[in-house]
Amino acid sequence: MAGLHPPLASCLLNSDSRLLFQMPRYDAARIEPKWQAYWDEHETFRTSDDPASGSKGNLYVLDMFPYPSGAGLHVGHPEGYTATDITCRYARMRGKHVLHPMGWDAFGLPAEQHAIKTGVHPAVTTKNNIDNFRRQLKMLGFSYDWSREFSTTDPDYYRWTQWIFLELFDTWYDAEFEWTDATGGERRGKGRPIRELRIPKCVQEKGDEAVRRYQDKHRLAYQASAPVNWCPALGTVLANEEVIDGKSERGGHPVQRLPLRQWMLRITAYADRLAEELDECDWPESVKALQRNWIGRSTGAEVDFYIGPETTPHRLHATHDEFEGWKTIRCASGFPADPGDEVIRVFTTRPDTLYGATYMVLAPEHPLVDRLTSEEQRHAVDAYRRQAAAKSDLDRTDLAKEKTGVFTGSYAINPVNGIRTPVWIADYVLASYGTGAIMAVPAHDLRDWEFACTFRLPIVHVVEPPVGYEPSKEERALCRDCDGDADCPYTGEGTAINSNAYNGTPTSDFKPMITMALATAGLGREAINYKLRDWLFSRQHFWGEPFPLWHELDANGNPTGLLRADTSDALPVKLPEDFHFKPHGRPDPPLEEAPDSWLYKTAEDGTRLKRETNSMPQWAGSCWYYLRFADPKNETAFIDPAKEKYWLPVDLYIGGAEHAVLHLLYSRFWHKVLFDRGHVSTPEPFRKLVNQGMILGEPELTTYRRESLPGLGNSLEDHPTDPAGWISAKDVRKDVDPKTGQETFADSSSGMGVVAVRVMPDQVEKSGGEFTLKGHPSIVVESRATKMSKSRGNVINPDDVVKSYGADSLRLYEMFMGPLEATKPWQMSGVEGVYRFLARVWRMIADEAADDVKLNTAVQKVEPTDEQERLLHRTIKAVTQDIESLSLNTAISRMMEFVNAFASSEVRPKSVCEQFVLVLSPFAPHLAEELWHLLGREKTLAYEPWPEFDESKIAESTVEIPVQVNGKLRGRVRVAADGNSAAAEAAARADNVVAAFLEGKQVVKVVAVPGRMVNFVVKP
RNA sequence: GCCCGGGUGGCGAAAUGGCAGACGCACAGGACUUAAAAUCCUGGGUCCCGAACGGGACGUGUGGGUUCGAGUCCCACCCCGGGCACCA
């Protein structure tokens, strides 16, 4: 961290007291608070609900709002915020009606954990953190409409979060429903009110309670038992994304998996739309790919393998007659939605390989396992299931190399050929995907192949690879020796063999043919599966939105399983006041200990009710905040429909790539439900999305030293010339200690431990593309920038940067570092560079030598020269185009070029200065306002019209173009800008050097692009 | 393993298929100064020839290709970063 910035340092250190108050210097500390106060006082950036007259359309530009952590703003935050701020300030000057709000995503675990540790209520911590974040954002001069600010923890806000939850609770997904949406599109599939759910007669007959339970099973919000990540050390339950490698993300404590009653949201009902409608979004392809990948749609077929009726005593397989009888029934009844208990239903993407199914595998948790287990196998199966249950998902995947499993002792019958197929259980089949059961085709699936080889199960090839096919790396790796021949699995498409009547059919034809045949026979049907699972929507936390739901209790005070929703006038359901929650050491929610007055009530009909005590996850509040900003104070609706129509969707949304999947997928899901229910008018919430890249810490040079050497300090200075202990970074093996999560280093040849040593730049030299230790060319030094983190001590605090250089410098530097989307390392010397640029701008217009702040005498009311005008218009053009494409780094370069050229003018026309100040203003608004004022303007420049460029003033009469001979640059000639290619060729031939290269050669061809270049193609 | 990004001076980077390295940092030299800071000016991809003016060869991770011409397009590979990872 650099200390005070040099000019300030010199002011303070200089004994000349006059300099302490030297106003004329570029003094960010004086200018910035002044203009921030001005904008606040005049509400300069307040967005009215109605556009000003003459408005050129509206623009909604949104930052991903922050979680106000106790650590305050990170330099990563202002990166995206500056980019959006520049966009907004520019748009306002172009006459747009701009919505640019900010708020706080303030529910969440840290404040709760802080409360457990210190006893300070999360609401207090949250308020303090928000105050600090707001102070820091205002300090950076962002043009937010602060009148729209809110926090997800405000009851006025979460009232509507609860309201939207009740909409989800009140909605079921009708996949067949055909309708015309608000945009006029024809659609199939819609989220509909639960009262429109058709109740089957058999349910209706069982009475009111049965109907309610039937409805509950179909809602988008439903209850299920799901394993939670219980962390005893934190005394809390964690979300999946808060668990990394089986440990808590915060603190690294071990996590256990326990089943608990949970709220789920049926996001899978929208999986197809979430995947398909990405096409409409102007988003980075990488983010779309990430989401599609996450949704993981695969098409295939569900197929039933017959196991026969349950019998006592247990039989190992059904008889042939039973199988034939079952087929006859199925032929008549068709394929049932519910498989029943006479079949194992499997999902496969390769129904064409049915003839190659040599065994089946059930997930250990599959409900049919018990029934299919024979007496002889009972012991082994039970042991395996116990073992599998104890393993976390991670342990399961960790053991990927070794396939494990147990035979149940029973067989199922393959519907296409009537062959008895052994049924195994194995943990490589997941209960939560597909039907939790597979048909194994070892010849054409690598996992099945490995399993079959391990347990010596038969392998039947049913797909012939195309002629000349070479097995892939993985396929080759699994090859086995088969009577002297190599036998490999094959996972690609080809031609059917060993498949009865289908022999010779290409895979791509086979799949639909057999799917159709199975469907006709009632034995299978086309099916689609997703990797995406339903969204676990409850948390066992205090600091989150309460659910607006009640559980009915029976006479003994036990829940009956029936629910009642709060009515919307009962919202918000606030957290209990004066409740000092403490961890009670159980995985169930802290609100279980809330006062009875909060927890219980009696309904008008006399039913005892108990509140739902789970709370919503942090995602809930961030799922719809972009809607509320358009109408933040509305007390009768979450948003006014007219305002929704006017502002939505968000035109530009900028935030970190860490939200590429979850936040963006969850908000799209909610938006689509609201769309189906008629509350919003577009199917997608965010039109254009940009991810700002991560800002890394300053690059560090590292070398390695044997740790066993005694007496050496951890610094190169201690033994700068001692070659004995140094290890080239190339010879160092890095591992992560599984217990501590710490990185460990070892000499890869000896295996001995080594330690990392920080090296200074002057101790390093470059040789052959690598950094090496000075004087030890064999010792390679690593240079890398790493993520900023407290533990590395390389975190840059925006407060410090602003104190030393000012907000305008911080803003400018963050934009100047490189492309917005790129990951890039912080370098404090770069801040210094942009600071110097701003100081040059100041001196270009202000008089530094004077005693008071006044205009530089070079700034005069005169007409600009042609050259000055060309410079100005070129700059306006470049900056304008760069802002529109968010190439903010090059926009700044262009302004630097302008200043480098213009500041050397003895006379600087005032009009040019004014235009330049306006161009600079979105980037460095404080300095620009100050100079604008100095140039004699009274009001803010925030709504001054953006300078227009005039193409005719940019054009030059002559241009210099390169001349090549055989593609190699041999000279440059100056030609008329509008000249033709013949003139360019003639000028090129006249050049001495070029002529020398053409001398005695035969010119085969001349390529002349007017105004660009000339190339002579010659032969000797 | 699969899916995305990305490899250009000492560093951050720039370049609609047409002068590689704009702009900035760091560095070196100079001016100003009693001195320093600040500021201003100058220089620079590498190697070679040359006292100098100047000129040549090579140069955007590696190897091929397309093209009059490739950092940019195509093929193969290597390395770095991110995401997913037994999803049938």
Side-chain angles (χ1 to χ4, degrees), chain A residues 6-7 9-10 13-14 25 284-290 292-294 296 298 300 346-350 353 361 396-397 399-401 403 426-430 432-435 437-441 445-448 450-451 472-474 477 529-533 657-658 660-661 693-694 696 699 761 764-766 769 771 783-785 813 816-819 821-834 836-837 839-840 843 848 887 889-890 892-897 900 904 960-969 971-972 993 1004-1007 1009 1012-1018:
Chain A
S10 67
L13 293 174
N14 204 305
R25 288 245 184 177
E285 278 310 315
S286 60
V287 176
K288 294 195 204 179
L290 228 50
R292 288 200 188 97
N293 211 335
W294 189 264
S298 32
V346 301
F347 173 72
T348 175
T349 54
R350 292 294 299 270
T353 60
V361 186
R396 283 196 180 191
T397 54
L399 298 169
K401 285 176 196 91
K403 288 277 180 292
D427 66 4
Y428 82 91
V429 172
L430 307 176
S432 52
Y433 183 77
T435 60
I438 61 158
M439 64 170 198
V441 185
D445 181 285
L446 301 180
R447 296 152 301 183
D448 296 346
E450 281 183 81
F451 192 85
S472 69
K473 227 189 265 175
E474 305 85 62
N529 267 296
Y530 305 94
K531 285 205 291 197
L532 181 72
R533 308 294 150 88
E658 66 274 21
V661 178
M694 205 194 321
L696 305 175
V764 162
E765 59 197 354
K766 187 123 181 179
F771 289 107
S783 168
R784 60 167 14 134
Y813 176 63
F816 188 61
M817 289 171 88
E821 293 94 332
T823 302
K824 44 215 174 257
W826 184 273
Q827 282 181 322
M828 204 51 93
S829 56
V831 187
E832 187 96 34
V834 295
R836 285 206 281 257
F837 162 67
R840 252 193 328 271
R843 288 194 302 271
E848 198 171 37
S887 307
N889 53 332
T890 51
I892 294 166
S893 300
R894 303 313 289 259
M895 292 189 284
M896 287 173 167
E897 283 178 296
N900 289 347
S904 60
E960 194 183 63
I961 61 167
V963 182
Q964 300 173 343
V965 178
N966 281 346
K968 292 200 169 144
L969 180 71
R972 299 182 177 90
V993 180
V1004 181
K1005 187 176 173 185
V1006 180
V1007 182
V1009 184
R1012 300 293 290 180
M1013 48 76 68
V1014 179
N1015 186 16
F1016 294 96
V1017 186
V1018 300

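Lettering follows sequence order; numbering is per chain, from 1.
- The CD-P distance, from A/E832 to B/C27, rounds to 11 Å in whole Å.
- At whole-Å resolution of the value, CG in A/L969 and P in B/G71 are 13 Å apart.
- In the set B/C19, B/C23, B/C11, the nucleotide with an atom closest to the side chain of A/M896 is B/C23.
- Looking at the side chain of A/K403, the nearest of the listed nucleotides B/G18, B/G12, B/C86 is B/C86.
- RNA chain B is contacted by both A/W294 and A/S904; A/S904 maps to the nucleotide lying nearer its 5′ end (nearest heavy atom per residue).
- Taking atom CD on A/E848 and atom C1' on B/C32, their separation rounds to 15 Å, with Å as the unit.
- Counting non-hydrogen atoms under 4.0 angstrom, A/S286 reaches the backbone sugars and phosphates but no base.
- Dashed line: the shortest gap from a side-chain N or O of A/K824 to OP1 or OP2 of B/G12 is not under 4.0 Å.
- Counting non-hydrogen atoms under 4.0 angstrom, A/S298 reaches the backbone sugars and phosphates but no base.
- Using a 4.0 Å heavy-atom cutoff across all strands shown, A/R292 reaches no nucleic acid atom at all.
- As judged by a 4.0 angstrom heavy-atom cut-off over every strand, A/P699 is placed among residues making no nucleic acid contact.
- Taking 4.0 angstrom as the limit, A/R843 places a side-chain polar atom (N or O) nearer than this to OP1 or OP2 of B/C40.
- Heavy atoms of A/N889 sit under 4.0 angstrom from primed sugar atoms or phosphate atoms, though from no base atom.
- Nucleotide B/G9 carries a syn base; the chi torsion (O4'-C1'-N9-C4 or O4'-C1'-N1-C2) is within 90° of 0.
- Listed nucleotides: B/C68, B/C11, B/A38. Nearest to the side chain of A/V1017: B/C68.
- Comparing the C1' positions of B/G18 and B/G12 gives a spacing of 27 Å, expressed to the nearest Å.
- Nucleotide B/A88 holds its P atom 12 Å from the CG atom of A/D448, rounded to whole Å.
- Exactly one of A/D445, A/L430, A/V361, A/T348 qualifies for a side-chain contact (heavy atoms from CB on, under 4.5 Å) with A/I438. That residue is A/V361.
- B/G6 atom P lies 10 Å from atom CD of A/E821, rounded to whole Å.
- Looking at which nucleotide of RNA chain B each of A/A822 and A/E285 is closest to, the 5′-most match is held by A/E285.
- Residue A/R836 places at least one side-chain N or O under 4.0 Å from the OP1 or OP2 atom of B/C25.
- B/A70 and B/C19 are spaced 11 Å apart, taking the P atom of each and rounding to whole Å.
- Not counting sequence neighbours, A/F1016 has no partner by the ring pair (Phe, Tyr, Trp, His ring centres under 6.0 Å) test.
- Which of B/C86, B/A13, B/C58 sits closest to the side chain of A/Y428 comes down to B/C86.
- Residue contacts shown for A/E897 are limited to sugar-phosphate atoms, with no base heavy atom under 4.0 Å away.
- Residue A/K531 places no side-chain atom within donor-acceptor reach of the base of B/C84, judged by atom type and a 3.5 Å distance cut-off alone.
- One finds no side-chain N or O of A/S829 lying less than 4.0 angstrom from the OP1 or OP2 phosphate oxygen of B/C11.
- In this structure, A/V1004 and A/V1018 have side chains that are not in contact, with every pair of non-hydrogen atoms separated by 4.5 Å or more.
- In this structure, A/I438 reaches the bases: a heavy-atom distance under 4.0 Å links it to at least one base atom across the strands shown.
- As judged by a 4.0 angstrom heavy-atom cut-off over every strand, A/N1015 is placed among the base-contacting residues.
- A/W826 is not listed as a side-chain neighbour of A/L696, based on a closest heavy-atom distance of 4.5 Å or more.
- Under the 3.5 Å distance criterion, the side-chain polar atoms of A/R292 are left unmatched by any main-chain donor or acceptor of A/L290.
- If you check B/G18, B/G24, B/C3 against the side chain of A/R840, the one that comes closest is B/G24.
- Between A/F347 and A/Y433, the angle of the ring planes goes over 60°, which puts this pair in the perpendicular group of the 30/60° scheme.
- Here A/R894 lies out of heavy-atom contact (under 4.0 Å) with every strand.
- Across the protein-nucleic acid pair, A/E658 atom CD and B/G82 atom P stand 13 Å apart, rounded to whole Å.
- Applying the ring pair (Phe, Tyr, Trp, His ring centres under 6.0 Å) test to A/Y530 and every residue at least two apart in sequence or in another chain returns nothing.
- Rounding to whole angstrom units, CE of residue A/M817 and P of B/G12 are separated by 11 Å.
- Rounded to an integer number of Å, the gap from CZ of A/F816 to P of B/A22 is 11 Å.
- No engagement by A/G296 is indicated, since no non-hydrogen atom pair under 4.0 Å with the nucleic acid exists.
- Two residues are said to be in side-chain contact when any heavy atoms from C-beta on lie closer than 4.5 Å; A/E658 and A/V661 fail this criterion.
- At a threshold of 4.0 angstrom between heavy atoms, the contacts of A/N900 are confined to the sugar-phosphate backbone, with no base atom among them.
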